[in-house]
Number of protein chains: 2
Amino acid sequence: MDQGDYQILLKEKGLKVTPQRLAVIEAVDVLNDHPTAEEVSMYIRKQHPNIATGTVYKTLDTLTEKNIIKRVRTDRGLLRYDAVKDNHHHIYCTQCDRIEDYYDSELTDMIYGYFEKNRIPDFKIEDIKLEIVGRYTDNRESVRKK
Amino acid sequence: MDQGDYQILLKEKGLKVTPQRLAVIEAVDVLNDHPTAEEVSMYIRKQHPNIATGTVYKTLDTLTEKNIIKRVRTDRGLLRYDAVKDNHHHIYCTQCDRIEDYYDSELTDMIYGYFEKNRIPDFKIEDIKLEIVGRYTDNRESVRKK
DNA sequence: ATTATTGCAAAGACTTTGCAACTCC
DNA sequence: GGAGTTGCAAAGTCTTTGCAATAAT
């Protein structure tokens, strides 16, 4: 995705196109490691020292509401963000606080298929995602400490 | 579960049995609505006005580490807790901030079965859970506001 | 007796808010 | 021109910490 795509995305959702918003979308897209709000904020400060932290938070909220980005669920109480991509699941490492994407359309289809046959009463499913929790058994370094 | 069970649980994990810990376990167990740390803290204060908030947080941490309770993933930046029960999934309502349990052993078995045939390289799975996101189509009242 | 645990209050981390000034359409 | 956005700094919320006092084994 490039700047042009971002602009179209914003317009489609009825949002004004501002440099701040473009910067936030780009940051979440580039930092595609489920960055925290602060990581996004820091990344942006490098290129646009004039964009206020408060604005980054507000923008992250707005973009989340409009489904341009998503919040990732964590169990540590920090808000993390994710560019909207194809359906994917998340692998949570219990050792290192990393969250990795897990793409597997066979699995995704299987789960959606299951719920087509077994509906949850009075509930409309909008999204299904797997939390796969565990730990890596190779010796790869931990990017973030727990 | 009663007090006696809690005590055994603590001892098994090598933790000293203290009234504070018993109170926290009980609170998470009784408030079985995935309470936030603050909700646990408030509930405890009613019966034990002398238990400090800091202690509740510390205890929640300890119990989580020892797997006596679990943290529930949320996308709103608040820590929530869950008594450890049978394997279950979570239904997240996009309207009302409720998190409900979803028990379905057929589904759970299907997913675990899938991963037995399709392992993730260099990764040891410890837990798999579904995030089912959507909204209720009946008119039940929202317990918590969004 | 020894070591873990608690209470307290202060500090810390992260996020939200209010409002005047400024931009985008 | 007007509604929607932003910057700023202050206020909030939730959580963690340090340490002396206390309680569990």
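Heavy atoms only: backbone and side chains are in, while hydrogens, waters and symmetry mates are out. Chain A is the first sequence line, chain B the second, and so forth, proteins listed ahead of strands; every chain is numbered from 1.
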Starting at atom [atom1] of [X], determine the distance to atom [atom2] of [N], rounded to an integer number of angstrom.
X     : N      : atom1 : atom2 : answer
B:L22 : D:dA24 : CG    : P     : 10 Å
A:R80 : C:dC14 : CZ    : C1'   : 14 Å
A:L79 : C:dT16 : CG    : P     : 6 Å
B:D61 : C:dT6  : CG    : P     : 12 Å
A:Q7  : C:dC25 : CD    : P     : 8 Å
A:L60 : C:dT16 : CG    : C1'   : 13 Å
B:Y57 : D:dC14 : OH    : P     : 7 Å
A:L10 : D:dT5  : CG    : C1'   : 12 Å

Please tabulate, for side-chain N and O atoms in residues 53-64 of chain A, each donor-acceptor pair with protein atoms closer than 3.5 Å (sequence neighbours left out).
unit_1	atom_1	unit_2	atom_2	d
A:T53	OG1	A:R45	NH2	3.0
A:T59	OG1	A:T55	O	2.7
A:D61	OD1	A:R71	NH1	3.4
A:T62	OG1	A:K58	O	2.9
A:T64	OG1	A:L60	O	2.6

To the nearest 10 degrees, the angle between the two end axes of the helix from C:dA1-D:dT25 to C:dC25-D:dG1 (five pairs per end) comes to 50°
Regarding B:D104 and A:Y114, is there a side-chain donor-to-acceptor distance under 3.5 Å anywhere? yes
Does this structure show an ion pair linking [X] with [Y], if we count only N-O contacts that are shorter than 4.0 Å?
X      : Y      : result
B:K70  : B:D127 : yes
B:K124 : B:E126 : no
A:E131 : A:K129 : no

Could you tell me if B:R73 sits above the aromatic ring of A:Y92, with its cationic atom closer than 6.0 Å to the ring centre and no more than 45 degrees from the axis? yes
Check: [X] side chain, [Y] main-chain N or O, donor-acceptor pair, under 3.5 Å:
X     : Y     : result
A:R80 : A:H34 : yes
B:E39 : B:T36 : yes
A:Y81 : A:D29 : no

Positions of residues 66-74 of chain A (non-hydrogen atom under 4.0 Å from DNA chain C), listed by number: none
At a heavy-atom distance below 4.0 Å, what parts of residues 11-21 of chain A sit against DNA chain C? A:K16, A:V17, A:P19
So A:Y6 and A:E26, side-chain contact (heavy atoms from CB on, under 4.5 Å) or not? Walk me through it. CA-CA 8 Å; A:Y6 299 152; A:E26 196 200 334; 3.8 Å; yes
List the atom pairs, donor and acceptor, that lie under 3.5 Å between side-chain atoms in residues 8-15 of chain B and the rest of the protein, sequence neighbours left out.
unit_1	atom_1	unit_2	atom_2	d
B:K13	NZ	B:K66	O	3.1

Would B:M110 end up clustered with B:I128 when hydrophobic side chains under 4.5 Å apart are linked, directly or stepwise? yes
Identify all pairs in which a protein N or O lies below 3.5 Å from an N or O of nucleotides 8-13 of chain C, and state each distance.
none

Roughly how far, to the nearest 0.5 Å, is the CD1 atom of A:I111 from the CD atom of A:E106? 11.0 Å
